[in-house]
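Some notes on the structure that comes next.
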Amino acid sequence: MIVTKNINFYYGTFQALKNISMTMEANTVTAFIGPSGCGKSTFLRLFNRMNDLIDGTRLEGECLIKGKDIYDKSINIDALRKDIGMVFQKPNPFPKSVFENVAYGLRVNGIKDKKFIADKVEETLKAAALFDEVKDKLNKSAFELSGGQQQRLCIARALAVEPSILLMDEPASALDPISTSKIEELIHDLKKKYTIVIVTHNMQQAARVSDKTGFFMLGELIEYNDTKKMFLNPDKEITQNYITGRFG
Amino acid sequence: MLKKFSNFTIKSLLIFSGAFAGITILFISIFLFKEGLGFFKKPAVEEGYSLFVNSKNKVEDFDSKKIKEIFDHEITNWSELGGEDVEILLFRMDNIFDYYSDEELGEEYEFLAEKLAEVIKAEEGIIAFVPHQYSPAEYSGVKELSVPNITPSDFFTGKDWLPTATPSPLFGTLPMLLGTLLVSLVAILFALPLGLGVAIYLSELAPEGIRKFLKPIIELLAGIPSVVYGFFGLVVLAPLVQKTFNLPVGETALTGSLILAIMALPTIISIAEDAMRNTPRAMKEASLALGATHWQTIYRVIIPYSKSGISAAVVLGIGRAIGETMAVLMVTGNAALMPTSLFDPVRTIPATIAAELGEAPSGGAHYQALFLLGAILFIITLFISIAAEMISKKKNYKDM
Amino acid sequence: MNKRTKQKFAFFFFRLFSIIIVGILIAILGFIAVNGLKVINWEFLSGMPKEGMTEGGIFPAIVGTCYLIIGSLIFAVPLGVMAAIYTVEYAGNGKVVRFIRMMTNNLASIPSIVFGLFGMALFVKGLGFGDSIIAGSLTLGLLTLPIIIRTSEEALKAVPESYRTGSYALGATKLQTIRKVVFPCALPNILTGIILSISRVSGETAPILFTVAAYFLPSLPDSIFSQAMALPYHLYVLATSGTDIEASRPMAYGTALVLVVIVLFFNLTATLLRQRLSKNMKNK
């Protein structure tokens, strides 16, 4: 599904990613772990070209999604981003109503049919396990929801445009444990339909939700393995040290 | 001991300075209103003069407008004012010589009052405009008209501004109030799309190099003195407007609005740009990640998010336009007439003050009327400034 | 229309608008420069107006504007800087400061003609100064007060808190700390505010109409209680009510150019100085 070949990435003169090649399978959950500043978020943001927004960045290597080089000049960025949903570290709903937040992606992609939009909003809110909690508040501001609800709203918002891949950048780091577990359950359900890549700080979370795990450090991919193997018996000693909390 | 004292002095001095802006505003309002509110105690005829009629005359109800119409020969018969069917005879001081010679009036005009009384008694239709010192009020057959004071409704809803007319000057400010609003609002209509466009360009599109170049340019535009804008408007813009629209004169409301639009641009641009730059990066990224184009992100997320900042920019732009004096004075033609079209000359409140205060006798009704206009202007801008502050502080997500 | 095309369309207009803004500035400045340069020579800058102001120079107007700049600064700078010291260093962050800040903002938004009216009522009539340099300077001083207060406040706030605590740790009093540490640090930034207010003072016309400005004076002012000519008012007179408007047009162009150069010189200096200083701050 996602294949990267010899990726090097620079912020100005600082090299943030060093020669990374890896493959992520369809309908799996892949977790990226590693200490702060190791490049895992930067790597994730390559897949929907979010790093394009930052001035003075440079990319070497290839990034193929469904076999197509997404950095090719012929690529339509809007269409690419529509196909690859993203959930951010902090819940970032728009200053609009709950309904409009979910409908946003449909509207910007040219859908005007009111009935279709209404159905789709309900469907995705259900898929995000949020509908029962917010069905009376659809026209209220999204800021009136709790932090955990806001984050699930952001997931629903991403799902509404029917992406095939879902990128999650530490989606539970700003949430309390109960909200976190709801998000994790949701990830588990979504796996059936979507390919999910999740960046996380929290090792237990990676162990709970992911099928495969990549361990990053100082811009390098140290180890990429099945999650079970990674947490029980990693190939490299440095991975073992990190996972057992000797540094972080 | 000495040190303590000097510390105390310095601290009091600092507190005083801190409070000075507030004190100044207080003083400004006190002085403007002290001078301005005296206006409503002024009689509707020129100060120092009275009006006299024949005592048989039954007409009671006078105001400045009617007096003016009488002296302008627009009302010529007392029946029009509800009196007898007698033709009105206007009498000013010069007319006394039609009746009496210099000798008859006495060397020091000591018999003038008496003779005036005789004339008034003899002429049934007369209305005489006489200075107090020669008042014939004590003689029989003469009636002094009681003229009411100028009322606020004369001032705010009167359509004629003729502050130097005799015997009854008119102080209707409606043409100026409307003129000010017209010129300012049209200016904002021009400036808003242009200013927002540039603000969007600066905050979202411009590369750092161009931004660094464009920002000082906009500050320079804000720095050009208003009298220079006025001069430019007068020698370049006014003839251009005249030629383009084939008008008799180029100094019109439109010319004023164009110049004001240019002058309001820097305010609008810099405040709107700041507001848009304050939109959280996360909002922008969320929108782009859903497949929205940059432009969709701008008008669906960034502009709604910075709505309060943009509104504040508009309000302050209007404030700047309403208060602007010199440029408007030089390019709008200054006719104190009710504005009917953008292509007519108009006059604004500040321009009126600037043009007339120098000639208004200190303490007179005209002088006080101008201070009252100043007080109105002061209140309007104070209100605008407070409104802008409240708007920009408000973050209301509900009604977006 | 597809959304990419719409974007292209919209962005085209925003670029166009930005070019228009630059165009407007170039048009105004270019027009004044081209016409003004023909007139400007040494005699124009140093001579008295002659022949009903259709010939000669604008020396008295330049001198008058200089007096007004100096006069208003003497009044506004100490007051403004002290006000800023009070709000930043003493008043904390409570209601008092918010009120003072609101008043400063309001003062900044009052139209200049209202300052003119007030100056006339208080300084010219109330205090009996008559039309004079001192009345004009005080009026202009009030006008620039918000600029000086605001820039000084920002300058003082930009001084790192550690400088203050460092000074206190050495046993210095609050006043000593402000005088020896905070103020010297903030001085360059305060200076930009002062330069900016010079630019403002030299360009304002409405406040001096009734407080100082003279249509024509045969000699230079000899005390702070005499009337003076000033560049912006002189331009207004030449443009609208000279003895022979057509004949004095070249004089008007020259005056406009001198005025614009003075105002924009100070304006640009302040802008560049501020840019330079904020860069230095970042490097620290």
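Note on naming: letters A, B, ... go to the chains in the order of the sequence lines (proteins, then strands), and numbering restarts at 1 for each one. Model, not experiment: these values are computed from the prediction.
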Given that the side chain runs from C-beta out, which part of A/Phe94 has a heavy atom under 4.5 Å from chain B: side chain, backbone, both or neither?
both
Top contributor to chain B contacts, counting heavy-atom pairs under 4.5 Å, from A/Lys90, A/Met50, A/Met86
A/Met50
pair A/Pro95-B/Lys307: side-chain heavy atoms closer than 4.5 Å:
no
I want to check something: taking the side chain as every heavy atom from C-beta on, are B/Leu290 and A/Arg157 in contact at a cut-off of under 4.5 Å?
yes
Max heavy-atom pairs within cutoff under 4.5 Å with chain B, candidates A/Asn48, A/Leu53, A/Ile77, goes to A/Leu53
Which heavy-atom pair separates B/Thr297 from A/Tyr104 by the least distance, and what is that distance?
CA-OH, 3.9 Å
Any chance CZ of B/Phe27 has more than 12 other-residue heavy atoms, nucleotides or ligands included, within less than 6.0 Å?
no
Heavy-atom proximity to chain B below 4.5 Å, by part of A/Pro163
neither
Over 12 foreign heavy atoms within 6.0 Å of CG, A/Asp55:
no
Give, for atom CG of B/Leu288 and atom CZ of A/Arg49, the distance between the pair rounded to the nearest 0.5 Å.
12.0 Å
Out of curiosity, A/Asp78 CG to B/Gln296 CD, how far, rounded to the nearest 0.5 Å?
7.5 Å
Max heavy-atom pair count under 4.5 Å with chain A, selected residue of B/Pro280, B/Ala292, B/Ala286, B/Pro207:
B/Ala286
Donor-acceptor check, side chain of A/Lys96 to backbone of B/Arg300, threshold 3.5 angstrom: yes or no?
yes
Report the option among A/Arg107, A/Glu100, A/Lys140 that has the most heavy-atom pairs separated by less than 4.5 Å from atoms of chain B.
A/Arg107
Determine whether more than 12 heavy atoms belonging to other residues, nucleotides or ligands lie under 6.0 Å from atom CZ of B/Phe383.
no
So which heavy atom on A/Asn109 is nearest to which on B/Gly291, and how close?
OD1-O, 3.7 Å
Nearest 0.5 angstrom please: A/Ile54 CD1 to B/Arg281 CZ, how far?
5.0 Å
